[in-house]
Amino acid sequence: MESRERKYYLDNIRWMTVILVMVYHVVYIFNSQGVLSNFSVQGIELLDGFLYIVYPWFMTILFVVAGVCARHALCFRTQKEFIRNRFKRLLVPSVFVILLFGWVSGWVTDYYTDLFQGNGAEIPGVLKYLIYCMTGVGPMWFARELFLASVVLLLVLKLDKKNRLCILCDRMKWWGFVLLFFSFWCSAFLLNTPLIEVYRNGIYVNCFLMGYYVFSNERHLECLEKVRTFLVTGAVICMAGYYLYIRLIIEPQATDNIMTTVAYTSKSVLQHPFTNIYAWVMMLAIFSVARKWLNFHNGFSTFMTRANFGYYSLHYPCLMVVAFLTLEKLHLPIGACYALNLFGMMLLTTLLYIVVSGLPVVSTLVLGTTPRGKTDAGKGSHS
């Protein structure tokens with residue numbers, strides 16, 4: 001990627017996936033599958049199917065896109081400039097979003113589960129606030145994981161000073177994508193943190209590196225584009241099959257094994273070959289159509305490109321506020337809560353982003369930007 005010409009399909013994949021993450025969280029907080037959330041309220045079980053079909057791949061594709069953008073960024077920045085930018089844009093917000101807004105999620109969790117087991121009145125306010133923040137990390141794990149992947153990339157580049165790995169990947173033939181699947185699947189077993197299973201370090205760092213070394217190559221994307229009909233058809237078939245796999249196999253196991261956590265987010269499911277085949281085919285399908293169908297820009301896409309990290313960072317506390325109000329103050333039926341939560345979350349997140357992005361210090365700490373979202377998301381730049 002040596003051209004300064006902006007790859008609009010990368011921007012569009014990213015902000016569209018962020019919207020998908022936001023919709024996912026609306027359904028997730030009321031899930032009926034035993035996956036822990038901030039609300040101990042059971043929702044509409046049928047809607048959980050949406051969780052099944054997006055969870056295996058929607059975060060992995062964000063890491064792949066980030067890896068592609070890193071390749072582009074390092075064409076025009078030094079490695080020191082790159083990591084300083086990553087520190088400012090990822091690590092700093094991952095701390096201050098939690099300190100400023102994370103307490104909302106922690107407070108809601110405490111309201112429904114009583115974190116302090118009836119002893120909340122005896123705990124100092126400052127300590128209680130910090131505990132709320134620590135339990136309100138929410139989706140900000142992504143920023144820290146992405147910073148880790150950036151550090152790993154620089155270590156790889158330092159070890160590979162002659163750029164042999166990059167040359168090897170650039171020469172890769174079409175069948176290399178078959179071999180890369182095994183790398184993708186094997187990485188699902190590596191460096192997973194115990195208890196907090198969202199930190200799937202192995203697969204996410206691997207996806208980031210594959211984005212940098214493989215999916216950044218236009219020739220490889222042309223190869224995928226030639227078989228896009230086959231890949232999209234395969235992705236749809238895999239999606240249907242995966243949904244049935246969860247419904248007919250995983251759910252009965254969860255019912256029969258009360259003492260065992262078996263859910264669509266469990267390690268045993270995420271490491272299953274079918275899960276990884278589905279995720280891999282879906283990612284290839286998305287990139288196979290990206291340059292043809294998603295390489296556009298307009299006023300809305302330009303705004304979302306600039307605001308996508310803000311939407312990702314701020315939407316969860318906004319959702320907590322709206323969901324709490326709809327349940328506890330409006331006492332709406334659960335079906336109405338889904339629709340109102342989605343609309344309310346989108347509206348409140350937009351308003352909060354506009355306010356935060358206009359505040360000089362706060363915008364830097366929360367969004368990693370200068371006021372009004374003046375980032376390097378302009379023409380010819382990816383970050």
Side-chain angles (χ1 to χ4, degrees), residues 3-26 54 58-59 61-70 72-73 76 85-86 88-90 92-94 96-97 100-101 138-140 142-143 146 211 286-287 289-322 339-383:
S3 173
R4 286 187 177 269
E5 180 183 356
R6 192 166 185 86
K7 315 295 182 183
Y8 292 109
Y9 61 84
L10 294 175
D11 297 328
N12 293 329
I13 291 175
R14 185 156 49 186
W15 69 257
M16 287 177 181
T17 307
V18 168
I19 295 297
L20 202 63
V21 171
M22 296 172 72
V23 176
Y24 169 87
H25 282 137
V26 171
V54 301
F58 70 161
M59 295 309 298
I61 201 165
L62 281 179
F63 281 95
V64 172
V65 170
V68 177
C69 293
H72 184 93
F76 309 109
N85 178 269
R86 297 296 83 194
K88 173 187 174 183
R89 297 289 303 277
L90 296 172
V92 171
S94 76
F96 281 93
V97 168
L100 292 175
F101 303 107
M140 289 312 295
F142 170 71
L146 192 53
I286 290 171
F287 272 95
V289 302
R291 295 195 315 164
K292 187 175 182 64
W293 295 349
L294 299 180
N295 199 32
F296 64 87
H297 70 286
N298 51 40
F300 178 74
S301 69
T302 300
F303 170 78
M304 288 305 301
T305 296
R306 185 172 65 247
N308 77 87
F309 183 73
Y311 271 65
Y312 182 89
S313 304
L314 301 174
H315 80 275
Y316 202 72
C318 292
L319 174 59
M320 294 296 101
V321 172
V322 175
L340 189 57
N341 287 346
L342 179 60
F343 174 78
M345 174 192 64
M346 293 292 186
L347 178 60
L348 190 58
T349 302
T350 301
L351 294 176
L352 183 59
Y353 169 75
I354 291 173
V355 171
V356 169
S357 64
L359 301 175
V361 177
V362 178
S363 63
T364 300
L365 297 178
V366 174
L367 305 176
T369 68
T370 51
R372 293 298 174 205
K374 295 178 182 177
T375 71
D376 50 0
K379 183 176 181 181
S381 171
H382 290 286
S383 63

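Below, all heavy atoms of this structure are taken into account, side chains as well, without hydrogens, waters or symmetry copies. Predicted model, so just to flag it, every value in this text is computed and none were measured.
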Stepwise, does the side chain to side chain contact (heavy atoms under 4.5 Å, CB included) test hold for M346 with I19? CA-CA 9 Å; M346 293 292 186; I19 295 297; 4.2 Å; yes
[atom1]-[atom2] distance between [X] and [Y], expressed to the nearest 0.5 angstrom:
| X | Y | atom1 | atom2 | value |
| --- | --- | --- | --- | --- |
| D11 | Y8 | CG | OH | 8.0 Å |
| F142 | F309 | CZ | CZ | 8.0 Å |
| N295 | L10 | CG | CG | 8.5 Å |
| W15 | L20 | CH2 | CG | 11.5 Å |

Has [X] got a side-chain atom pairing as donor or acceptor with [Y]'s backbone, closer than 3.5 angstrom?
| X | Y | answer |
| --- | --- | --- |
| S301 | N298 | yes |
| N12 | L294 | yes |
| Y312 | P139 | yes |
| T369 | T364 | no |

Heavy-atom side-chain proximity of [X] to [Y] below 4.5 angstrom:
| X | Y | value |
| --- | --- | --- |
| L347 | V322 | no |
| L352 | H315 | no |
| R86 | L90 | yes |
| R306 | S357 | no |
| M22 | V26 | no |
| H297 | T305 | no |

Would you please name every residue forming a ring pair (Phe, Tyr, Trp, His ring centres under 6.0 Å) with F101, sequence neighbours left out? none
Verdict with supporting geometry, K7 and V68, side chain to side chain contact (heavy atoms under 4.5 Å, CB included): CA-CA 10 Å; K7 315 295 182 183; V68 177; over 6 Å; no
Would you please classify the geometry between the Y311 ring and the F303 ring as parallel, tilted or perpendicular, with 30° and 60° separating the classes? perpendicular
Using every non-hydrogen atom in the two residues, find where T17 and F58 come nearest and quote the distance to one decimal. CG2-O, 3.2 Å
Minimum-distance pair of heavy atoms, taken over all atoms of M140 and P93: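 What the structure gives for the nearest pair is CE-O, 3.9 Å.
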Is the distance from the ring center of Y9 to that of F287 below 6.0 Å? no
